[in-house]
*Asks:* 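The following block contains the structure, expressed as structure tokens.
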There are 2 protein chains.
Amino acid sequence: MSARKTDTEQRQEQITQAALDLINDKGVSGLSIAGIARRVGIVPSALYRHFTNKDAVIDAVLDLIRQRLLDNVAHVRQQTDVPLEQLRLLLIRHAFLLDENRAIPSVVFSEAVYTGAPERKARVTGIITDYLKEIQAIIASGQQDGSIHKKIEPVTAAVLFMGMILPAAILSNISEGLFDIASHVKNVWPAFVRSVSTRTE
Amino acid sequence: MSARKTDTEQRQEQITQAALDLINDKGVSGLSIAGIARRVGIVPSALYRHFTNKDAVIDAVLDLIRQRLLDNVAHVRQQTDVPLEQLRLLLIRHAFLLDENRAIPSVVFSEAVYTGAPERKARVTGIITDYLKEIQAIIASGQQDGSIHKKIEPVTAAVLFMGMILPAAILSNISEGLFDIASHVKNVWPAFVRSVSTRTE
DNA sequence: CAGAATTGTGATTCACAATTCACATTATAG
DNA sequence: CTATAATGTGAATTGTGAATCACAATTCTG
């Protein structure tokens, strides 16, 4: 009854992913070393071969989240050059990501952040602000090509952009899917366009 | 070294408020019976004279939150009859509330919800949907008097309304106030108006 | 004021989770 | 194939927090 040996790099990935999954299922407070180990198929103490402690695991999860968020941005940039279209695609992707991973709002929020060291808080802040910066950049480029009017500040628009999804993601998670994110996204997008676009239909 | 005796009703209020404060300071995971008791000035075991267990305390906190949210709605209704103005005032109040009480997003989010019984989740869902219903009602009345166009569904507009503040509140909390909620609210409100109002300036 | 009810206290139990450690097993270099 | 490093295991340690309980202090009632 011994797990197959696997080199640290792979195990670290498995552990990080398992931790994220576990948070999705049980929230941050349900994240235990034992729970992670069980999912990976090793014994709790074995986990310490690959991470120094629980905090290190959480840090890895944060890195994973940052990566997922920024990957979405990179992806939509590759799909089109039209800023408003980039935003629309990003909205869909972002909604999907939050819908699948309630861990993201959950982690980003509170517990893990304030329990751990103060650097933890800075780390989370960094993830969010970096992501926001990307969105701001898209908006700024829309303002340059004239498709987005300049009355609105990029920061404001970017935060509003997140606001289209965050509450929806919460509602969806909490209501056990009674609230449908996909249809909300479809409905809210035109409203967002009205509020930022120069195009008056 | 004994605390003055206080009747259960008052103690319950003190305890609930202390719990809310504690969550504001340390997040939901930092909420402990010992911590609450210390703030109230009694010994941990004494708390069980007034609440059957920790879950009951959390339920009381949830009730308090619901009350604060709905009070805001009642208040703005009293101030004006103009739907858009009601929304603007509510936005300001809501922003202030979330800014002061990071406990609200924190609690509403995850931990307490999923750790406890399944009814807990329903309770939180109830709070949010009740609050949303109030906002929807304001929006619907705006549609009736013609100030808000009917292209947008009340639910969508209501969720977007929350979206104006929620991410801002998070940013403010996380960034240690570097992100200023008040100015965000000022900037985002015109955008919201553009997206829902019939008035074309 | 006496006695009952209420509220407060400290010690204690219980469960649970993080971490460590000595030892076992497996992989891998030479 | 064997020595050595890397990985896995189970038991033990430690810490923490919720909850209980017998007893003490206090309020309140008549």
Side-chain angles (χ1 to χ4, degrees), chain A residues 1-19 21-23 25-61 107 110-117 120, chain B residues 1-19 21-23 25-62 106-107 110-117 120:
Chain A
M1 267 218 275
S2 188
R4 205 167 41 245
K5 292 200 175 181
T6 310
D7 65 66
T8 290
E9 202 170 339
Q10 286 183 52
R11 275 286 190 242
Q12 283 177 338
E13 282 176 23
Q14 293 175 0
I15 290 168
T16 308
Q17 184 61 51
D21 293 345
L22 191 52
I23 296 174
D25 280 6
K26 313 211 175 173
V28 178
S29 67
L31 182 71
S32 68
I33 297 292
I36 298 170
R38 200 175 321 118
R39 288 189 179 225
V40 173
I42 57 179
V43 115
S45 58
L47 190 146
Y48 290 84
R49 296 286 178 202
H50 313 291
F51 285 95
T52 60
N53 54 30
K54 192 179 175 181
D55 270 0
V57 176
I58 295 177
D59 281 342
V61 170
V107 163
S110 47
E111 314 315 299
V113 183
Y114 303 102
T115 304
R120 180 65 57 71
Chain B
M1 265 211 279
S2 190
R4 209 175 29 250
K5 292 200 174 180
T6 309
D7 66 65
T8 290
E9 203 170 337
Q10 286 183 49
R11 274 286 190 243
Q12 283 177 340
E13 283 175 24
Q14 292 175 359
I15 289 168
T16 308
Q17 184 60 52
D21 293 345
L22 190 53
I23 297 174
D25 280 7
K26 314 210 175 174
V28 179
S29 67
L31 182 71
S32 68
I33 297 293
I36 298 170
R38 201 175 319 118
R39 289 189 176 224
V40 173
I42 57 179
V43 115
S45 59
L47 190 145
Y48 290 88
R49 295 287 178 203
H50 313 291
F51 285 95
T52 60
N53 55 30
K54 190 179 175 181
D55 270 0
V57 176
I58 294 178
D59 282 343
V61 170
L62 288 178
S106 183
V107 163
S110 46
E111 313 315 300
V113 182
Y114 303 103
T115 305
R120 180 65 56 72

*Asks:* Between side-chain atoms of residues 38-49 of chain A and protein atoms elsewhere (two or more places apart, or another chain), which donor-acceptor pairs fall under 3.5 Å?
*Replies:*
| unit_1 | atom_1 | unit_2 | atom_2 | d |
| --- | --- | --- | --- | --- |
| A/Arg39 | NH2 | A/Asp25 | OD2 | 2.8 |

*Asks:* Establish, with yes or no, whether the OP1 or OP2 oxygen of D/dG8 is under 4.0 angstrom from a side-chain nitrogen or oxygen of A/His50.
*Replies:* yes

*Asks:* For DNA chain D, find the residues of residues 9-19 of chain A with a heavy-atom distance under 4.0 Å and give them by number; none if there aren't any.
*Replies:* A/Arg11

*Asks:* May I ask you to test the A/Arg120-A/Asp55 pair for a side-chain heavy-atom distance under 4.5 Å?
*Replies:*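 Contact flag for A/Arg120/A/Asp55 side chains = yes.
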
*Asks:* Please enumerate all protein N or O atoms sitting under 3.5 Å from an N or O of nucleotides 25-27 of chain D, with distances to 0.1 Å.
*Replies:*
| unit_1 | atom_1 | unit_2 | atom_2 | d |
| --- | --- | --- | --- | --- |
| D/dA25 | N1 | B/Lys5 | NZ | 3.3 |
| D/dA25 | N3 | B/Lys5 | NZ | 2.8 |
| D/dT26 | O2 | B/Lys5 | NZ | 3.0 |

*Asks:* Quick one: A/Ile42 CD1 to C/dT19 P, roughly how many Å, whole number?
*Replies:* 14 Å

*Asks:* Under the side-chain hydrogen bond (donor to acceptor under 3.5 Å, both in side chains) test, which residues partner B/Asn53, sequence neighbours left out?
*Replies:*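 Per chain and number, B/Asn53 pairs via side-chain hydrogen bond (donor to acceptor under 3.5 Å, both in side chains) with no residue.
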
*Asks:* Give the minimum heavy-atom separation between A/Val57 and A/Ala19, together with the two atoms involved.
*Replies:* CG1-CB, 3.9 Å

*Asks:* Separation of A/Leu47 atom CG from D/dT9 atom C1', in whole Å?
*Replies:* 14 Å

*Asks:* Nucleotide by nucleotide, 5' to 3', does protein get under 4.0 Å of the base (B), only the sugar-phosphate (S), or neither (-) in nucleotides 13-20 of chain D, counting heavy atoms?
*Replies:* -----SBB

*Asks:* Could you pull out all residues at least two apart from A/Thr16 that satisfy side-chain contact (heavy atoms from CB on, under 4.5 Å)?
*Replies:*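 Applying side-chain contact (heavy atoms from CB on, under 4.5 Å) to A/Thr16 gives A/Phe51, A/Ala60, A/Val61, A/Leu64.
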
*Asks:* Taking NZ from A/Lys26 and C1' from C/dA17, how many angstroms apart are they, rounded to a whole number?
*Replies:* 14 Å

*Asks:* Is a side-chain N or O of A/Lys54 found less than 3.5 angstrom from the main chain of A/Leu31, in a donor-acceptor match?
*Replies:* yes

*Asks:* Just jot down the side-chain hydrogen bond (donor to acceptor under 3.5 Å, both in side chains) partners of B/Gln17, sequence neighbours excluded, or say none.
*Replies:*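 For B/Gln17, the residues satisfying side-chain hydrogen bond (donor to acceptor under 3.5 Å, both in side chains) (neighbours in sequence not counted) are B/Asp21, B/Arg68.
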
*Asks:* Give me each pair satisfying salt bridge (Lys or Arg N to Asp or Glu O under 4.0 Å) with a member in residues 7-19 of chain B, each pair once, sequence neighbours excluded.
*Replies:* none

*Asks:* State, to 0.1 Å, how close B/Gly27 and B/Ser106 come at their nearest heavy-atom pair, and which atoms those are.
*Replies:* CA-OG, 4.4 Å

*Asks:* In Å and rounded to the nearest 0.5 Å, what is the CD to NE2 distance from A/Gln10 to A/His50?
*Replies:*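 Separation between the atoms: 10.5 Å.
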
*Asks:* Between atom CZ in A/Phe51 and atom P in D/dT7, what is the gap in whole Å?
*Replies:* 13 Å

*Asks:* Just verifying a value: how many Å separate A/Thr6 OG1 and A/Ile15 CD1, rounded to the nearest 0.5 Å?
*Replies:*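 Answer for the OG1-CD1 pair, A/Thr6 versus A/Ile15, is 10.0 Å.
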
